[in-house]
Asks: 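Below: one structure in C-alpha cells.
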Amino acid sequence: LPAGAFFMCSCPVLPLVVQSNQKGCVFLIISIFTALAAIASCIISAFDLYSTNQLTKYTVQATHDLESEKLFFNAKAEAYHTFLHSASNFMANPSAENSLKLNTDCTYADLFSSQKTQNAISAYGKSLVRYQSDPKSEALTAEMVHAQVTAMHAMQEELSTTMRSKVPQ
C-alpha cells in the first residue's frame, strides 16, 4: 500500500461529509477517537466514583471505631474512678451502705476489665473489708496497701492499653 492509502478509503456511511475521500476518513477517525475518549472518560468517572465510595465507607467505619473506643475508654475510666471513690468512702466510714456501694462499684468496674484487673480489684475490695475488721493490724494494713497498689497499677495498665489497642504499630 502506498503511504497515505489508509486515508484514501471511501466512507459510504457518512453521507454528510464532503465527497473527498481523505476528508471523510479523517472525520471518521476523529469521530472514533472522540467516541473512545468519551467511553474512557465514563470508565474513569465510574472508577473514581467507586474509589470515592470505598474511601468514604472506610472513613466512616474508622470514625465509628474511634468514637466507640473513646466511649468505652471514658466508661472504663469513670467506673474505675467511682470504684476508688467508694473504696475511699468505705475506708472513712465502713457502714453497711458504703459496703454495699463498694460492692456495687467493684462489680461495675469489673464489667470493663480484663481478668487480671478483675482479680486485682476483687483482691483490693476483699482486703478493704478485712482491714476494717482490725484497722490496727500491721499485716492487714500491709495487705490492703499492697492490694491497693496492685489494683491501681492494673487499672492504669488497662486504661493505657485501651487507647493503644486501635493505634497501628
Side-chain angles (χ1 to χ4, degrees), residues 1-89 100-126 146-169:
L1 289 169
F6 179 72
F7 293 108
M8 297 208 166
C9 63
S10 64
C11 299
V13 285
L14 298 173
L16 299 176
V17 177
V18 180
Q19 292 300 319
S20 168
N21 286 341
Q22 272 187 322
K23 288 182 182 177
C25 286
V26 169
F27 181 74
L28 179 64
I29 291 171
I30 291 173
S31 297
I32 290 171
F33 281 129
T34 303
L36 290 175
I39 292 170
S41 175
C42 288
I43 292 171
I44 291 170
S45 294
F47 178 74
D48 183 49
L49 183 63
Y50 174 77
S51 61
T52 302
N53 183 35
Q54 293 295 47
L55 183 61
T56 302
K57 282 182 184 178
Y58 174 78
T59 303
V60 167
Q61 184 63 45
T63 303
H64 176 267
D65 291 348
L66 181 62
E67 290 302 316
S68 296
E69 189 73 16
K70 283 180 185 178
L71 287 171
F72 185 72
F73 176 85
N74 289 336
K76 185 185 286 192
E78 180 63 27
Y80 291 165
H81 173 77
T82 303
F83 168 69
L84 293 173
H85 184 71
S86 294
S88 176
N89 287 345
L100 180 62
K101 181 91 169 103
L102 176 65
N103 188 36
T104 302
D105 291 341
C106 180
T107 303
Y108 180 58
D110 280 348
L111 291 175
F112 295 98
S113 302
S114 65
Q115 189 62 46
K116 176 186 171 189
T117 305
Q118 287 176 3
N119 293 341
I121 289 171
S122 179
Y124 178 46
K126 288 176 187 175
H146 175 70
Q148 180 184 26
V149 169
T150 303
M152 294 287 285
H153 281 283
M155 289 185 282
Q156 181 182 17
E157 182 180 326
E158 186 104 14
L159 288 172
S160 67
T161 58
T162 298
M163 288 308 282
R164 276 191 271 141
S165 66
K166 294 286 182 180
V167 176
Q169 299 290 330

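If you're wondering where the values come from, they're calculated on a predicted model, not measured in any experiment.
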Asks: Please identify each residue that fulfils side-chain contact (heavy atoms from CB on, under 4.5 Å) with Thr59, with sequence neighbours left out.
Replies: Leu55, Thr63
Asks: Tell me whether the rings of His81 and His85 are parallel (<30°), tilted (30 to 60°) or perpendicular (>60°).
Replies: parallel
Asks: Run the ring-ring contact (aromatic ring centres under 6.0 Å, His included) test against Tyr124 and tell me which residues pass, sequence neighbours left out.
Replies: Phe83
Asks: By side chain to side chain donor-acceptor pair (under 3.5 Å), which residues pair with Lys76, not counting sequence neighbours?
Replies: Glu158, Thr162
Asks: If the condition is side chain to side chain donor-acceptor pair (under 3.5 Å), which residues does His153 pass it with, not counting sequence neighbours?
Replies: none
Asks: So which of Gln156, Met155, Glu157 actually passes side chain to side chain contact (heavy atoms under 4.5 Å, CB included) with Thr117?
Replies: Met155
Asks: Mind checking whether Lys101 and Asn89 have side chains closer than 4.5 Å, heavy atoms only?
Replies: no
Asks: For Thr56, which residues count as a side-chain contact (heavy atoms from CB on, under 4.5 Å) partner, sequence neighbours excluded?
Replies: Thr52, Val60
Asks: Looking at every heavy atom in both Cys106 and Ile121, which two are closest together, and how far apart are they?
Replies: SG-CG2, 3.4 Å
Asks: Taking only residues two or more places apart in sequence or in another chain, which ones pass side chain to side chain donor-acceptor pair (under 3.5 Å) with Lys126?
Replies: none
Asks: With a 4.5 Å heavy-atom cut-off, do Asp48 and Ser51 have their side chains touching?
Replies: yes
Asks: Show the nearest heavy-atom pair for residues Ala154 and Ala120, with the distance to one decimal.
Replies: CB-CB, 3.9 Å
Asks: My understanding is that only residues two or more places apart in sequence, or in another chain, count here; which of them pass side-chain contact (heavy atoms from CB on, under 4.5 Å) with Ile32?
Replies: Leu28, Leu36
Asks: For Leu84, is there any backbone N or O sitting under 3.5 Å from a side-chain donor or acceptor partner on Ser88?
Replies: no
Asks: When you check the side-chain N and O atoms of Gln61 and Asp65, is any donor under 3.5 Å from an acceptor?
Replies: yes
Asks: Just verifying a value: how many Å separate Thr107 OG1 and Leu102 CG, rounded to the nearest 0.5 Å?
Replies: 9.0 Å
Asks: Using every non-hydrogen atom in the two residues, find where Phe112 and Tyr80 come nearest and quote the distance to one decimal.
Replies: O-OH, 4.1 Å
Asks: Tell me, please, which residues at least two apart from Glu67 pass side chain to side chain donor-acceptor pair (under 3.5 Å).
Replies: none
Asks: Any ring-ring contact (aromatic ring centres under 6.0 Å, His included) pairs touching residues 29-54, not counting sequence neighbours?
Replies: none
Asks: Please find the pair of heavy atoms, one from Gln118 and one from Ser113, that lie closest to each other, and give the distance.
Replies: NE2-O, 3.2 Å
Asks: Taking only residues two or more places apart in sequence or in another chain, which ones pass side-chain contact (heavy atoms from CB on, under 4.5 Å) with Asn53?
Replies: Lys57
Asks: Could you give me the CA-CA distance, side-chain angles and deciding distance for Asn119 and Gln115, then say whether side-chain hydrogen bond (donor to acceptor under 3.5 Å, both in side chains) is met?
Replies: CA-CA 6 Å; Asn119 293 341; Gln115 189 62 46; 3.1 Å; yes
Asks: Return the OG1 to CD1 distance between Thr34 and Ile29, rounded to the nearest 0.5 Å.
Replies: 11.5 Å
Asks: Which atoms form the tightest heavy-atom contact between Ala123 and Ala147, and what is the distance?
Replies: O-CB, 4.0 Å
